[in-house]
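Here the structure comes first, spelled out in structure tokens, and everything after it is commentary.
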Protein chains: 2
Amino acid sequence: MGAQRNTEQRIMAAAEKLFLEKGYILSTTTLIAKEAGVTHAMLHYYFRTKEQIFIKVLNKNLEELISSLRPVMVYQRPVWETLKEGIEMLFDFLNTHRQLAGLIYDVISYNPQLLEAYIQGLGGLKNKMFERHREMLEDEIRSGRINPISMEQIVYDIVTMNMAVFMSMTAMKNMIGFSSEKREEFIARQKSEIVSKIHYRLYGKLY
Amino acid sequence: MGAQRNTEQRIMAAAEKLFLEKGYILSTTTLIAKEAGVTHAMLHYYFRTKEQIFIKVLNKNLEELISSLRPVMVYQRPVWETLKEGIEMLFDFLNTHRQLAGLIYDVISYNPQLLEAYIQGLGGLKNKMFERHREMLEDEIRSGRINPISMEQIVYDIVTMNMAVFMSMTAMKNMIGFSSEKREEFIARQKSEIVSKIHYRLYGKLY
DNA sequence: ATTTGCATTAACAAAGTTGTTAAACAATAT
DNA sequence: ATATTGTTTAACAACTTTGTTAATGCAAAT
């Protein structure tokens with residue numbers, strides 16, 4: 001072996017930082033390498049292509065997300081308990097990964113081909129993770145305790161509302177006239193806002 | 001004069017289409033020219049730089065937005081009337097310019113230097129357009145009819161909520177598993193959702 | 001019909017992008 | 001010590017990007 005002092009990890013860390021900061025396109029392999037303190041040939045040596053390294057970075061982040069969500073989803077508890085904790089978990093995760101929502105949006109919008117592999121895999125995950133919860137939800141709806149709504153719609157609403165909070169934050173950070181206190185105040189308020197909004201949609205009254 | 005058959009406008013239209021579709025970076029001058037059916041030298045001849053043409057496209061769109069908003073803002077009517085119509089106007093505008101929110105977000109996030117000129121100008125506009133409404137709002141708050149909140153926060157909430165609706169739409173269009181009926185249904189619901197949410201924030205009860 | 005002046009093109013240039021490769025290098029096993 | 005193996009670099013190649021420019025084309029004014 002040569003003089004490697006965890007070059008691979010250094011490149012990963014640099015790539016993650018830049019992708020989150022500048023998006024996919026503006027994070028050039030040369031820039032990533034520079035940030036990691038190596039030649040850009042190293043990046044290709046370890047990861048073959050820019051696409052590959054991006055996939056690895058995204059994978060790492062999404063696996064963290066799934067790990068956070070699993071403890072909430074794995075138990076069969078009352079629908080609202082699971083939902084509330086799921087929303088809060090997602091919110092907290094995005095709050096500690098504030099640029100991730102923006103990056104995912106960027107890629108979905110302008111480089112969706114990078115996500116093709118994920119979209120395939122998503123079908124399987126969706127079924128494994130959500131099937132029992134979907135059944136419970138449908139029971140609640142049949143018995144009239146919850147307003148009619150599809151599982152997909154709920155998931156969609158939660159995901160978009162959560163992402164919107166942190167994407168607008170990233171955007172605002174780059175504009176003037178918004179103090180960081182107001183930002184944090186806004187964020188704090190949003191978490192319970194989302195919970196309330198979903199509750200209101202399901203039960204017809206505020207939580 | 002040479003053989004010009006509104007080349008300038010054709011380039012503008014092509015640029016607008018591509019910027020909205022692919023964002024700023026992926027819309028190369030060569031691609032825009034190709035879309036317009038001319039050499040990319042023409043683009044530089046008429047607009048000097050890519051940055052310039054982008055500014056013109058953005059200007060055009062923002063001027064349309066201001067024009068839509070002016071009739072709502074210019075009269076001195078009760079606070080809630082102005083607010084409700086303002087929200088609905090912005091929503092309708094974004095609904096007929098569905099990719100604009102995404103483009104603005106893209107540029108704010110990854111090429112904010114393009115917006116520097118606007119950020120300067122924004123200060124003046126803000127004062128001219130909002131000053132009287134701010135006074136009315138503050139009167140309402142002092143008299144206890146409206147919960148304390150700053151003008152900036154209201155504008156910010158309205159803008160981010162509206163943008164979020166259409167950005168999530170653009171994103172979803174590029175993913176699978178979401179029918180266009182559900183999309184339209186979702187959009188229709190969002191307009192009154194935003195109105196309600198702002199009303200609730202100001203008056204403590206649903207609209 | 002010829003000059004004038006904008007419009008248009010093709011070719012070029014400089015810089016930057018992703019990716020490859022041959023050669024040099026360093027650490028370990030033999 | 002040396003052969004082996006994986007690591008690192010510098011140089012290069014092919015392509016794309018933005019922008020310029022010299023030459024050409026075209027239409028109207030004189």
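Residue numbers begin at 1 in each chain, while the letters A, B, ... track the order of the sequences. What's counted below: heavy atoms across the whole structure, side chains too, no hydrogens, waters or symmetry copies. Note that the coordinates shown come from a computational prediction; the quantities given were computed from them, not determined experimentally.
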- Is there a donor-acceptor pair closer than 3.5 Å between any side-chain N or O of B/H40 and the backbone N or O of B/I32? no
- Do side-chain atoms of A/N147 reach the backbone of A/L202 as a donor and acceptor pair under 3.5 angstrom? yes
- Message: Let me test you: for the helix from C/dA1-D/dT30 to C/dT30-D/dA1, what is the angle between the axes at its two ends (five pairs each), rounded to 10 degrees?
- Response: 20°
- Message: Please check if the number of heavy atoms outside B/K17 that lie under 6.0 Å from its NZ is greater than 12.
- Response: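 Not buried by this count: 12 neighbours or fewer within 6.0 Å.
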Ring centres under 6.0 Å, that's the criterion: do [X] and [Y] meet it?
{"X": "A/Y110", "Y": "A/Y24", "value": "no"}
{"X": "B/Y156", "Y": "A/F186", "value": "yes"}
{"X": "B/F47", "Y": "B/F54", "value": "no"}

Separation of [X] atom [atom1] from [N] atom [atom2], in whole Å?
{"X": "B/I32", "N": "D/dT17", "atom1": "CD1", "atom2": "C1'", "answer": "12 Å"}
{"X": "B/I53", "N": "D/dG19", "atom1": "CD1", "atom2": "P", "answer": "11 Å"}
{"X": "B/Q52", "N": "D/dT18", "atom1": "CD", "atom2": "P", "answer": "15 Å"}
{"X": "A/L26", "N": "D/dT17", "atom1": "CG", "atom2": "P", "answer": "14 Å"}
{"X": "B/L43", "N": "C/dT8", "atom1": "CG", "atom2": "C1'", "answer": "14 Å"}
{"X": "A/K34", "N": "C/dT17", "atom1": "NZ", "atom2": "P", "answer": "10 Å"}

- Would you mind reporting whether B/I194 and B/V165 have side-chain heavy atoms less than 4.5 Å apart?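 Yes, at least one pair of side-chain atoms sits under 4.5 Å.
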Is there any protein nitrogen or oxygen under 3.5 Å from a nitrogen or oxygen in nucleotides 18-22 of chain C, and what are the pairs?
residue: C/dT18; atom: OP1; partner: A/T29; partner atom: N; Å: 3.4
residue: C/dT18; atom: OP1; partner: A/K50; partner atom: NZ; Å: 3.3
residue: C/dT18; atom: OP2; partner: A/T29; partner atom: N; Å: 2.9
residue: C/dT18; atom: OP2; partner: A/T29; partner atom: OG1; Å: 2.6
residue: C/dG19; atom: OP2; partner: A/K50; partner atom: N; Å: 3.0
residue: C/dG19; atom: N7; partner: A/H40; partner atom: NE2; Å: 3.1
residue: C/dG19; atom: O6; partner: A/H40; partner atom: NE2; Å: 2.9

- Message: I'd like to check the side-chain contact (heavy atoms from CB on, under 4.5 Å) partners of B/M42; sequence neighbours left out, ordered by chain and number.
- Response: B/T7, B/I11, B/V38, B/T39, B/Y45, B/Y46
